[in-house]
Participant: 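Just dropping this structure here.
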Amino acid sequence: MEIQLNEANTPFNLEHTLSCGQIFRWEKIGEWWYGFVGEKVVRVRQIGGRLLFQAFPENVDIHFIESCFRLDDDLPLILSRINRDRQIDEAIRAFRGLRIVRQEPWECLISYICATNANIPAIRNMILNLSKKFGKKITLDEHDFYTFPKPKDFAQADLEEIKKCKLGFRAERVLEVSRMMEEKEFNLEALRKMGYEEAKGRLMSLPGVGHKVADCVLLFSLGKLEAFPVDIWMKRIILKLYPNHFEQTFVEKILAKRSITPKEYEKISSFGRNYFGEYAGYAQEYLFHSRGHQL
DNA sequence: ACATCCCCTTAGCC
DNA sequence: AGGCTAAGGGGAT
């Protein structure tokens, strides 16, 4: 099946969207990107304004794909709103068509708990190891793929089995969060109806979830587009590109050290939300992808 | 109550 | 080849 993309109304770039570091489990093999939509493996390929896709074991409705890639977002409007200066304009021109992906909250939550103090290749490996050990195998095009495990799969597992997936100190957090979900002590879906602040507060009550992880889950899976995650790269990017929006002593202090305190996080993140507005998360992704490894 | 310091597993990168 | 770093969080002080 395929989706027709109109460049003027629905700009989309599959490559930028899947390789910008927001999502960890999609893989490009040959001309196709392989990933999951729910329990089904899906392969996707873009040729100009055509988005081709096919899911396995059975195909999925076109709306699942549109939803997954947030093709319902009015991207031209969003980009015009966040385009506040020459710096972001440059990023937008370089990566126009990059969209926030609508991930499944559970997988997104575990992914970013694993992302703590790790780099992207390491995160991808953790997620893959967990899926191989606790998920179900599905073979497509002679490649093996594994569904993402359910809370129950981790909750029933032994801590050591989770640690074997190279999670290190994150294993306890994954196990505890899974237990909480399994015992119905926490309702991820309920966060959708809440505002940004309330939903963030709830998420941060979970072990392994601080400001950064909560903002990523809110942005990438719960549709809170004002969320502005600040990792070590975003910290550098913001303080280098927008130093005049902060006190000079603050900029020097923060750039000199590696990690930041919750208060310092809030200062940088709320700048992002206020400066870029209701779609600040999109601005964050464009800046992250364009400047991420140059500073 | 509130800040600051320090540790945490592992693997990628240089 | 070995030291540093990484889409940070939490607990002790």
Side-chain angles (χ1 to χ4, degrees), chain A residues 16-26 91 95 98 100-101 103 105 107-130 132-133 159-177 180 200-222 224-225 227-240 249-250 253-269 272-273 280-295:
Chain A
H16 298 332
T17 298
L18 290 179
S19 62
C20 72
Q22 60 175 319
I23 187 162
F24 303 106
R25 229 153 56 95
W26 283 77
F95 296 107
L98 188 164
I100 303 288
V101 167
Q103 300 186 36
E107 178 174 342
C108 188
L109 173 63
I110 296 301
S111 297
Y112 282 94
I113 287 175
C114 290
T116 299
N117 201 28
N119 52 34
I120 290 175
I123 301 162
R124 296 175 64 94
N125 271 327
M126 292 182 222
I127 306 293
L128 179 62
N129 292 338
L130 287 172
K132 273 186 181 172
K133 189 179 276 284
L159 177 62
E160 291 308 314
E161 292 299 303
I162 299 176
K163 278 193 172 168
K164 277 183 193 164
C165 297
K166 312 297 184 186
L167 265 69
F169 63 87
R170 305 166 191 84
E172 284 91 343
R173 301 170 180 179
V174 167
L175 181 56
E176 179 57 21
V177 167
M180 291 175 72
K200 183 169 179 179
R202 295 287 182 94
L203 276 173
M204 288 179 62
S205 72
L206 294 170
V209 182
H211 284 277
K212 161 64 169 57
V213 173
D215 275 332
C216 286
V217 175
L218 290 170
L219 176 60
F220 300 133
S221 75
L222 292 166
K224 312 299 183 197
L225 297 182
F228 196 86
V230 179
D231 71 325
I232 193 162
W233 297 105
M234 272 319 286
K235 177 196 83 173
R236 291 170 187 155
I237 293 165
I238 292 300
L239 295 181
K240 294 267 189 185
T249 53
F250 179 80
K253 181 183 175 186
I254 304 304
L255 283 178
K257 59 178 189 174
R258 194 183 153 279
S259 63
I260 54 176
T261 68
K263 224 171 200 179
E264 292 160 348
Y265 182 99
E266 252 315 289
K267 226 168 176 174
I268 299 173
S269 183
R273 279 195 301 286
Y282 263 98
Q284 193 271 6
E285 251 351 68
Y286 274 82
L287 289 174
F288 181 85
H289 193 44
S290 66
R291 313 293 296 240
H293 299 273
Q294 299 175 21
L295 297 175

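Quick note on labels: first sequence line is chain A, next is B, and so on, each numbered from 1.
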Participant: Measure the NZ-CZ distance between K163(A) and F169(A) for me, rounded to the nearest 0.5 Å.
Facilitator: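 K163(A) atom NZ to F169(A) atom CZ measures 11.0 Å (nearest 0.5 Å).
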Participant: At 4.0 Å (heavy atoms only), tell me whether E264(A) reaches a base, stays on the sugar-phosphate, or touches nothing.
Facilitator: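 Contact class for E264(A): none.
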Participant: Provide, to the nearest angstrom, the distance between the CZ atom belonging to F169(A) and the P atom belonging to dT10(B).
Facilitator: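 After rounding, the reported distance stands at 10 Å.
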Participant: Which part of the nucleic acid, if any, lies within contact of I23(A), taking any heavy atom under 4.0 Å across all strands shown: a base, the sugar-phosphate backbone alone, or nothing?
Facilitator: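 Since no nucleic acid heavy atom lies under 4.0 Å of I23(A), the category is nothing.
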Participant: Any base atoms under 4.0 Å from K263(A), or only sugar-phosphate, or nothing? Heavy atoms, all strands.
Facilitator: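 Since only primed, P, OP1 and OP2 atoms lie under 4.0 Å of K263(A), the category is sugar-phosphate.
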Participant: Out of curiosity, I123(A) CD1 to I23(A) CD1, how far, rounded to the nearest 0.5 Å?
Facilitator: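 Rounded to the nearest 0.5 Å, the CD1-CD1 separation comes to 13.0 Å.
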Participant: Nearest whole angstrom, please: distance from the P of dT5(C) to the CD1 of I120(A).
Facilitator: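 For the pair I120(A) CD1 and dT5(C) P, the rounded distance is 18 Å.
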Participant: How close or far is atom C1' of dG8(C) from atom CZ of R236(A), stated in whole angstroms?
Facilitator: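 Taking atom C1' of dG8(C) as the reference, CZ of R236(A) is at 13 Å.
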Participant: Just to be sure I understand the rule, does Y112(A) reach a base, reach only the sugar-phosphate, or reach nothing, if contact means heavy atoms closer than 4.0 Å?
Facilitator: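 Base: the residue Y112(A), judged by heavy atoms under 4.0 Å, touches a nucleobase.
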Participant: Look through every strand shown and name the nucleotide pairing with dC5(B) as Watson-Crick or G-U wobble, where both distances are under 3.5 Å.
Facilitator: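 Looking at the geometry, dC5(B) pairs with dG11(C).
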Participant: Can you tell me which nucleotide in dG12(B), dG9(C), dC8(B) comes closest to the side chain of P121(A)?
Facilitator: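 Looking only at side-chain atoms, P121(A) lies closest to dG12(B).
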Participant: Hey, could you give me the CD/OH distance between Q22(A) and Y112(A), rounded to the nearest 0.5 Å?
Facilitator: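 Rounded to the nearest 0.5 Å, the CD-OH separation comes to 6.5 Å.
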Participant: Taking for each residue the nucleotide of DNA chain C bearing the nearest heavy atom, is the 5' side occupied by M204(A) or by I232(A)?
Facilitator: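 Whichever sits nearer the 5' end wins; that is I232(A).
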Participant: Starting the side chain at C-beta, find the nucleotide from dG9(C), dT4(B), dC2(B) nearest to R173(A).
Facilitator: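 Closest of the options to the side chain of R173(A): dG9(C).
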Participant: Using a heavy-atom cut-off of 4.0 Å across all strands, would you classify A118(A) as base, sugar-phosphate, or nothing?
Facilitator: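 Since a base atom lies under 4.0 Å of A118(A), the category is base.
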Participant: What's the closest nucleotide to the side chain of N119(A) if the choices are dC13(B), dA6(C), dG8(C)?
Facilitator: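 For N119(A), the side-chain atoms sit closest to dA6(C).
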Participant: E172(A) near the nucleic acid: base, sugar-phosphate alone, or nothing, with a heavy-atom cut-off under 4.0 Å?
Facilitator: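 The residue E172(A) makes no contact with any strand.
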Participant: Classify the angle between the aromatic ring planes of F95(A) and H289(A) as parallel (below 30°), tilted (30 to 60°) or perpendicular (above 60°).
Facilitator: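 Aromatic pair F95(A)/H289(A) classed tilted.
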Participant: Determine the minimum heavy-atom distance between C216(A) and C108(A), stating which atoms define it.
Facilitator: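 Of all heavy-atom pairs spanning C216(A) and C108(A), the closest is O-SG, 4.1 Å.
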Participant: In whole angstrom, give me the gap between the P atoms of dC4(C) and dC6(B).
Facilitator: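 It comes out at 16 Å once rounded to the nearest Å.
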Participant: Rounding to an integer number of Å, can you tell me how far I123(A) CD1 sits from dT10(B) C1'?
Facilitator: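 Roughly 12 Å, once rounded to whole Å.
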Participant: Looking at R170(A) and dT9(B), is any side-chain donor or acceptor paired with a base atom of the opposite kind under 3.5 Å?
Facilitator: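 A donor-acceptor contact between them is present.
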Participant: Could you state the NZ-C1' distance from K257(A) to dT4(B), rounded to the nearest angstrom?
Facilitator: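 The distance from NZ of K257(A) to C1' of dT4(B) comes to 8 Å, rounded to the nearest Å.
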Participant: Could you work out the separation of dG10(C) and dA11(B) based on their P atoms and round it to a whole Å?
Facilitator: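 Nearest-Å result for dG10(C) against dA11(B) at atom P: 23 Å.
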Participant: Please check the phosphate of dT10(B) (OP1 and OP2 only) for any side-chain N or O of R124(A) closer than 4.0 Å.
Facilitator: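 Result: no.
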Participant: Can you tell me if the side-chain N/O atoms of K166(A) get under 4.0 Å from OP1 or OP2 in dA11(B)?
Facilitator: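 Yes, K166(A) has a side-chain N/O under 4.0 Å of OP1/OP2 on dA11(B).
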Participant: Check every strand shown and say whether G210(A) touches a base, only sugar-phosphate, or nothing at a heavy-atom separation below 4.0 Å.
Facilitator: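 Sugar-phosphate: the residue G210(A), judged by heavy atoms under 4.0 Å, touches backbone atoms but no base.
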Participant: Between G208(A) and M234(A), just flag the one whose closest nucleotide in DNA chain C comes earlier from the 5' side.
Facilitator: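 Final value for this comparison: M234(A).
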Participant: Measure the distance from CZ on R258(A) to P on dG9(C) and round it to the nearest whole Å.
Facilitator: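 Spelled out: CZ on R258(A) to P on dG9(C) is 11 Å.
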Participant: Please examine the side chains of L167(A) and V174(A), heavy atoms only from C-beta on, and report whether any two atoms are closer than 4.5 Å.
Facilitator: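 In contact.
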Participant: Quick one: label V213(A) by what it contacts on the DNA or RNA (base, sugar-phosphate, nothing), any heavy atom closer than 4.0 Å.
Facilitator: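 Sugar-phosphate contact only.
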Participant: Rounding to the closest angstrom, what is the interatomic distance between dG9(C) and dG12(B) at atom P?
Facilitator: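 Nearest-Å result for dG9(C) against dG12(B) at atom P: 22 Å.
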Participant: Whole angstrom is fine here: how far is it from NZ in K212(A) over to P in dG10(C)?
Facilitator: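 Between P of dG10(C) and NZ of K212(A): 13 Å.
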Participant: If you find the nucleotide of DNA chain B closest to T116(A) and the one closest to N125(A), which residue's nucleotide is nearer the 5' end?
Facilitator: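 Whichever sits nearer the 5' end wins; that is T116(A).
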Participant: Between Q284(A) and A227(A) (side chain of the first, backbone of the second, donor and acceptor by atom type, cut-off under 3.5 Å), is there such a pair?
Facilitator: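 A pair under 3.5 Å: no.
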Participant: Would you say the side chain of N117(A) and the base of dT9(B) hold a donor-acceptor pair, judged only by whether the two atoms sit under 3.5 Å apart?
Facilitator: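 Yes, the side chain and the base share a sub-3.5 Å donor-acceptor pair.
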Participant: Specify the separation, in whole Å, of atom CG of L128(A) and atom C1' of dG12(B).
Facilitator: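 In whole Å, dG12(B) C1' lies 16 Å from L128(A) CG.
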